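Here's the structure, in structure tokens; my notes come after.
The basis for the numbers below is simple: all heavy atoms, side chains too, and nothing from hydrogens, waters or symmetry mates. Lettering follows sequence order; numbering is per chain, from 1. Treat the numbers as computed from the prediction; the structure is a model and nothing was measured.
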Protein chains: 2
Amino acid sequence: MSGRPDPARATSADVARLAGVSRATVSFVLNDTEPGRVSDATRARVRAAAEQLGYVSNAAARALRAGRSNLVLMPATQAAIGRLVSDWLDDLQQALHEYGYTLVLHGGRGAGPVEVARAWAEMRPAAVLAPVPGLTPAAVELLHTAGVRAVIATGGEPVPGAHTLIFRQEELGRLAAAHLIERGRRRLAVLMPGERGLDAFAAERLAGVRLAAEGQGVEVTPVPLRYDWDDALALARSWPGFDGVFGYNDDYALLLVRALQEVGLEVPGAVAVAGADDLLPGRIARPALTSVRIDLSGAGELAALVHRLIEEPAEAGVVDTVRMQLIVRDST
Amino acid sequence: MSGRPDPARATSADVARLAGVSRATVSFVLNDTEPGRVSDATRARVRAAAEQLGYVSNAAARALRAGRSNLVLMPATQAAIGRLVSDWLDDLQQALHEYGYTLVLHGGRGAGPVEVARAWAEMRPAAVLAPVPGLTPAAVELLHTAGVRAVIATGGEPVPGAHTLIFRQEELGRLAAAHLIERGRRRLAVLMPGERGLDAFAAERLAGVRLAAEGQGVEVTPVPLRYDWDDALALARSWPGFDGVFGYNDDYALLLVRALQEVGLEVPGAVAVAGADDLLPGRIARPALTSVRIDLSGAGELAALVHRLIEEPAEAGVVDTVRMQLIVRDST
DNA sequence: GTGAAAGCGCTAACAG
DNA sequence: CTGTTAGCGCTTTCAC
């Protein structure tokens with residue numbers, strides 16, 4: 001029982017017919033291209049006709065004609081990372097909008113990086129912005145071949161063929177671990193979240209901890225932890241005597257802190273715990289959580305970079321904007 | 001406009017040429033339509049040619065041809081709401097993918113609902129899924145006129161012209177407030193977050209609290225609170241003697257609890273506080289936070305509904321899947 | 001100041 | 001079993 005008949009979706013040809021002009025004129029008027037070309041009277045007629053018909057332009061047709069869409073794609077998993085990131089995304093979206101682009105979070109969950117990249121490439125986005133683990137050289141190659149102008153990776157190491165926004169996940173681990181070691185901790189645990197999409201970041205942060213520990217006579221152990229109270233409690237109950245913890249981020253760190261407290265292990269007395277992201281819950285926790293602050297400002301600059309790369313594709317380059325800073329509080 | 005020659009993006013015509021077949025055959029092979037129509041040998045040749053050229057189909061062309069895209073659009077602001085929602089989105093994305101749809105979080109920040117709806121309509125999505133405040137009747141009308149098959153609203157009241165997924169924000173407030181009142185609280189505060197995108201929800205939740213308070217001799221006061229420690233502290237310092245609080249959600253509730261504790265106001269002794277969402281931080285807080293649990297299960301069912309509505313548009317209907325449940329803990 | 005017309009890449013009748 | 005072909009709606013050159 002198809003409820004409503006497909007209403008005749010108005011096309012620019014319909015608008016042209018109603019306004020008594022050609023489709024070309026409609027295009028000129030509605031896009032404000034070639035300013036003084038169409039007379040004011042005609043413009044008004046066209047506008048009125050479009051209004052009357054409820055005309056909405058067809059992005060697919062425009063994209064087909066232009067050879068690319070005005071979409072800027074990011075993986076949606078990014079959004080799930082936390083408040084820090086989602087607030088920043090909002091700024092980025094705003095900034096891109098001012099250049100005429102539409103930020104789209106694409107939930108491309110596929111078998112592997114290349115499958116995901118293919119799904120993205122099909123949309124012929126103007127730009128793709130993604131963390132390194134997803135942008136393998138093959139994926140970058142595929143995107144370029146499909147005509148994506150700007151491929152921007154965020155990660156620790158420059159990605160061949162792509163512009164890279166350096167964001168050293170390792171640095172998070174390194175800063176926190178160096179601090180823990182300086183505080184005299186010698187048996188470090190690194191929480192490894194089991195949650196989707198986080199494993200790649202966790203591995204890099206762990207590498208940073210290892211870097212800081214190197215040659216210091218410090219033992220580093222990755223410890224899996226799901227974001228789940230029972231899991232945390234089980235871990236705390238069979239605590240293997242680590243005296244320092246880097247908690248992946250504030251969420252996981254706080255979870256562990258509470259579990260340790262629950263089983264009578266003092267923080268920071270028995271165990272010092274540091275997180276990352278410097279979010280509000282950590283700041284107001286007791287003890288207040290030592291954390292690594294990530295300065296994700298510069299959404300405007302990033303939007304400008306994206307625009308520049310789209311306009312004139314350049315050789316792969318490297319931009320370094322993300323600043324990090326250790327914030328020492330009571331948990332270490 | 002383009003400064004450099006675009007790399008030769010392979011089209012289906014290129015694949016056809018290389019494989020020595022027609023474009024139609026390429027289409028049949030790569031889409032697996034009409035099985036048994038093309039010989040195995042030809043299929044293999046086509047596949048090899050596509051592979052060799054790095055062929056990626058063009059979604060815009062397909063959408064233009066099909067009259068609609070395979071996109072399911074949601075406002076991206078939804079993603080920023082919290083872990084509860086973003087986890088659920090991940091499930092939804094997965095479920096939709098199995099039907100061949102692509103979930104896209106669209107950061108359409110525009111002047112008003114109609115402008116945003118227009119931006120969505122341009123993409124000719126198969127379906128749009130959005131909370132009621134954004135889907136005014138005019139916006140729904142616009143989407144339908146543009147040919148969007150399934151328009152699904154989530155909110156407390158059925159939206160004319162759209163399928164509505166009933167999600168009574170008020171119920172959150174009502175459940176929490178009824179509980180507070182039962183506990184003997186008579187001067188209730190309702191936290192009203194100032195953050196972007198949350199005000200509409202906050203207003204509905206407040207309405208729910210008012211509903212519960214009606215005729216009970218209970219005073220209800222909306223209290224603005226930004227998600228910010230200083231703001232919370234200032235509020236706590238000049239606490240106007242409320243004895244019960246509904247905190248919008250767990251995040252804001254926890255923030256206030258900490259601020260109240262900081263200024264020596266006992267929770268729940270002096271002030272009882274309830275939140276919503278039943279997230280982990282509230283469960284492990286001290287005192288553990290009373291909350292309203294929202295059961296957002298059914299991503300699979302929703303995906304099925306979306307698919308059904310796209311396949312055969314039906315009269316606007318109402319679906320009621322979201323269950324809510326008060327979880328009483330120590331903070332009240 | 002305005003219109004005609006050529007495609008962009010794809011799918012699906014229809015012909016062979 | 002495979003090919004030919006007609007558009008989907010839009011922009012933009014070129015001609016009037």
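Taking every side-chain heavy atom of B:Ala61 into account, C:dG9 is the closest of C:dT2, C:dG9, D:dG9. Here the nucleotide nearest the side chain of A:Phe28, chosen from D:dG3, D:dT13, C:dA12, is D:dT13. Closest to the side chain of A:Leu64, out of D:dG9, D:dT4, C:dT2, is D:dG9. For A:Val21, taking side-chain heavy atoms from C-beta onward, the closest of the listed nucleotides C:dG9, D:dG3, C:dG3 is C:dG3. Of the candidate nucleotides C:dT11, C:dG9, C:dC8, C:dT11 has the atom lying nearest to any side-chain atom of B:Ser27.
When each of A:Leu309, A:Thr154, A:Leu129 is tested with A:His163 by the rule side-chain contact (heavy atoms from CB on, under 4.5 Å), just one qualifies, namely A:Leu309.
At a threshold of 4.5 Å between non-hydrogen side-chain atoms, the residues B:Leu96 and B:Val306 count as touching.
Comment: A:Arg45 does not engage A:Asp40 in a salt bridge, judged by the lack of any side-chain N to carboxylate O separation of less than 4.0 angstrom.
Taking 4.0 angstrom as the limit, A:Arg62 places a side-chain polar atom (N or O) nearer than this to OP1 or OP2 of D:dT11. Look at A:Thr42 and you'll find a side-chain N or O under 4.0 angstrom from OP1 or OP2 of C:dT2. For the pair A:Asn31 and D:dT11, the criterion of a side-chain N or O lying under 4.0 Å from OP1 or OP2 is met. Within the structure, a side-chain polar atom (N or O) of A:Thr25 is placed less than 4.0 Å from OP1 or OP2 of C:dG3. For the pair A:Ser39 and C:dT2, the criterion of a side-chain N or O lying under 4.0 Å from OP1 or OP2 is met. Considering only side-chain N and O atoms, A:Thr11 lies nowhere under 4.0 angstrom from the phosphate OP1 or OP2 of D:dG9.
The separation between B:Leu30 atom CG and C:dA12 atom C1' is 15 Å, rounded to whole Å.
Here A:Thr33 lies out of heavy-atom contact (under 4.0 Å) with every strand.
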